[in-house]
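Chain A is the first sequence line, chain B the second, and so forth, proteins listed ahead of strands; every chain is numbered from 1. No experiment lies behind these values; they were computed from the predicted model shown.
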Amino acid sequence: MTQATTATRPPATPATGRRRLADREGPLASLFLLPAVVYVVALVGVPFVLAIGFAFSDVTAGDPSYDWAGLDAYRRVFDDPVFWQALRNTLVFTGVSMVLIVVFGKVLANILIADFRGKWLVRFLVLLPWTTPVALSTVSWLWLLDSIFSPIDWLLRQVGLLEGNMYWLGRPSLATASVIAVHVWRLVPLAAVIIMAGLIAIPRDIDEAARVDGAGFWRRMFEVTIPLTMPLIAVAALFGAIFTFTDMAVVYVLTRGGPTNSTQVLASWAFVRGIEGGDVAQGAAIALFLFPLLLAAAVLILRAVRRMQVM
Amino acid sequence: MSDSVLTEPPAEVDRQRRRFVWRRRAGRVGVYVLAVLAAVVAAGPFLWSAVTALKLNSDLYTATNNPFFFNKPATLDHVLFLFQDTPFPTFVVNTLWVGVLVVAITLLFGLPAAYALARLDRPWAGPAGIALFFVYLVPPTLLFLSLTRVVVWLGLQDSTWSLVLIYPTITIPVCTWLLIGFCKGLPKDVEEQAMVDGYSRLGAFARVVVPLLFPGIVAVVVFAFTLTASEFIYALAFISPSAEKTVSTGVPTELIRGDVFFWQSLQASNIVVAMPIALLFTLLLGRFVAGFTMGAVKG
């Protein structure tokens with residue numbers, strides 16, 4: 001390709017140095033890519049290495065000078081039962097949310113590609129939870145789950161199922177359910193859009209062929225559509241998991257980790273220790289626990305994408 | 001389909017047709033029911049916000065009142081309060097200002113990178129594109145502590161400039177991926193024709209490809225801006241004075257003072273921010289889907 005374009009160029013063209021560089025694809029490609037790569041390496045790669053460095057140091061917000069401290073920060077992390085609670089919560093929130101996100105996302109994707117009147121309005125309303133800044137939509141939920149004025153409580157009282165209030169965010173089990181509900185609610189639209197992309201890409205004739213052969217709706221769904229969109233369903237699941245796993249905004253705004261740390265997650269605990277408590281080393285050590293799972297998710301996504309390309 | 005039907009006896013055809021019509025009708029009803037249900041669940045908290053934002057205190061804070069209707073006349077007082085007596089307008093200005101700069105930086109770095117990866121036929125283009133995309137999956141929660149130190153070293157703490165510097169690390173990877181998809185969607189002949197006509201590769205990129213990418217660029221601008229407006233943890237970690245906060249951190253930290261919640265104003269701010277963004281996304285949804293999937297296709 002490179003040779004072809006240079007060869008077909010008429011030799012009479014005055015070949016100044018600049019002109020030649022502007023046409024040589026190899027150097028041009030590197031030159032085009034370089035700024036983006038430098039930016040990302042400098043402000044993602046370097047901080048990542050720094051984070052690892054901090055985890056083995058005694059850096060605090062008050063005394064930012066770097067001294068090697070070995071595993072001291074980890075010792076402080078492990079000695080605190082809240083860390084184990086946060087680790088367990090993070091895994092539970094992520095696992096439960098992921099399953100629910102995929103199931104509802106698949107249903108929602110089918111609705112989004114269906115043809116019906118008012119489709120645009122439904123799309124708009126359905127996208128709201130995903131496109132709104134998470135801190136703001138969580139404020140809505142904070143009010144929805146208010147200890148006295150929650151309209152859910154009001155409805156339950158009207159139906160006669162409840163006297164008084166549920167205190168959604170005041171009891172550990174309900175607070176846990178609330179945090180999961182908000183994650184599922186905000187990430188289902190994203191999963192639906194990803195799965196929708198897969199559904200649109202299925203060639204029409206495959207579906208029609210299955211119809212002609214007499215396959216009903218459920219049979220076509222489980223034996224044609226789902227296997228064909230499996231890679232994208234996997235991507236949707238992993239995105240759901242990553243965004244739940246790494247988020248701290250929902251917990252921070254909704255419960256501040258409470259009641260008594262029962263909804264604390266790794267991200268929020270790292271923030272409490274590292275920023276609010278000023279113990280940068282400990283915060284960094286906690287945050288690093290996010291990495292192994294992220295790496296696993298990334299590898300799985302890569303494999304799903306590979307399978308898509310094979311198709 | 002018609003072939004198989006024709007060979008069967010008329011009674012059977014009739015029966016099948018009726019079954020088909022019935023099934024179709026049931027399917028239609030099912031779609032509408034599910035669509036309405038999905039819309040109500042998704043938008044419910046926002047509808048609730050919208051009603052709340054316009055309520056009088058005496059209406060809102062009476063636990064026996066129906067929370068979904070106006071038991072007393074609606075009022076704009078709390079919406080006006082939001083704009084006149086809280087720092088919310090400052091948050092909006094900060095968000096827009098940071099957003100515009102971040103979008104500009106993103107396009108400046110992302111456009112050439114995407115073109116190089118989509119079109120310039122380097123053997124490393126595929127893996128490099130995927131690597132860049134994975135940077136998007138490195139979460140702010142992993143980096144915010146070290147980036148806070150970096151921001152302090154650079155003397156940018158408590159200033160929106162820190163966000164202008166750091167947010168492109170989120171937007172460049174994902175937007176480059178989107179742009180790769182849009183580049184691949186352009187027919188190659190267009191640039192080749194431009195180069196035959198005497199443009200260099202660089203000239204063809206700047207004068208032919210970039211203008212043709214315009215619809216994709218619009219989508220990327222919206223996407224990058226939304227990512228910027230939604231980001232929470234960096235904004236929370238880097239900036240504490242309220243004059244420099246963005247909407248994302250300002251609303252939940254400044255409009256809630258201890259135990260005092262300005263509920264109506266809080267909900268109003270939510271609606272004011274949520275509606276325009278969701279509207280833009282709805283209009284551009286098709287393009288996002290096309291961009292993300294094309295990025296994964298071999299060029």
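The greatest number of non-hydrogen atom pairs below 4.5 Å with chain A, out of B:Leu236, B:Leu165, B:Leu37, B:Ile105, is found for B:Leu236. Annotation: maximal heavy-atom pairing with chain A below 4.5 Å, among B:Pro45, B:Pro252, B:Ser269, B:Gly30, occurs at B:Pro45.
Between the side chain of A:Ser140 and the main chain of B:Phe46, no donor-acceptor pair closer than 3.5 Å is present. The closest donor-acceptor contact from the side chain of A:Thr60 to the backbone of A:Asp279 lies at 3.5 Å or more, if one exists at all.
A:Phe239 and B:Tyr136 have tilted rings, their planes meeting at an angle from 30° to 60° on a 0 to 90° scale.
For the pair A:Arg256 and A:Tyr252, the cation sits on the ring face: its NZ or CZ lies under 6.0 Å from the ring centre, inside 45° of the axis.
With a threshold of 4.5 angstrom between heavy atoms, A:Leu155 approaches chain B through side-chain atoms but not through N, CA, C or O. For A:Val126, the parts lying under 4.5 angstrom from a heavy atom of chain B are both the backbone and the side chain. Looking at A:Phe243, the atoms closer than 4.5 Å to chain B (heavy atoms on both sides) all sit in the side chain, from C-beta outward. Residue contact with chain B, scored on non-hydrogen atoms closer than 4.5 Å, involves the backbone and the side chain of A:Trp120 alike. When heavy atoms are compared at a cutoff of 4.5 Å, A:Ile111 approaches chain B solely by way of its side chain, counted from C-beta outward.
Looking at A:Asp247 and A:Arg186, a side-chain N of the basic residue comes within less than 4.0 Å of a carboxylate O on the acidic one, giving a salt bridge.
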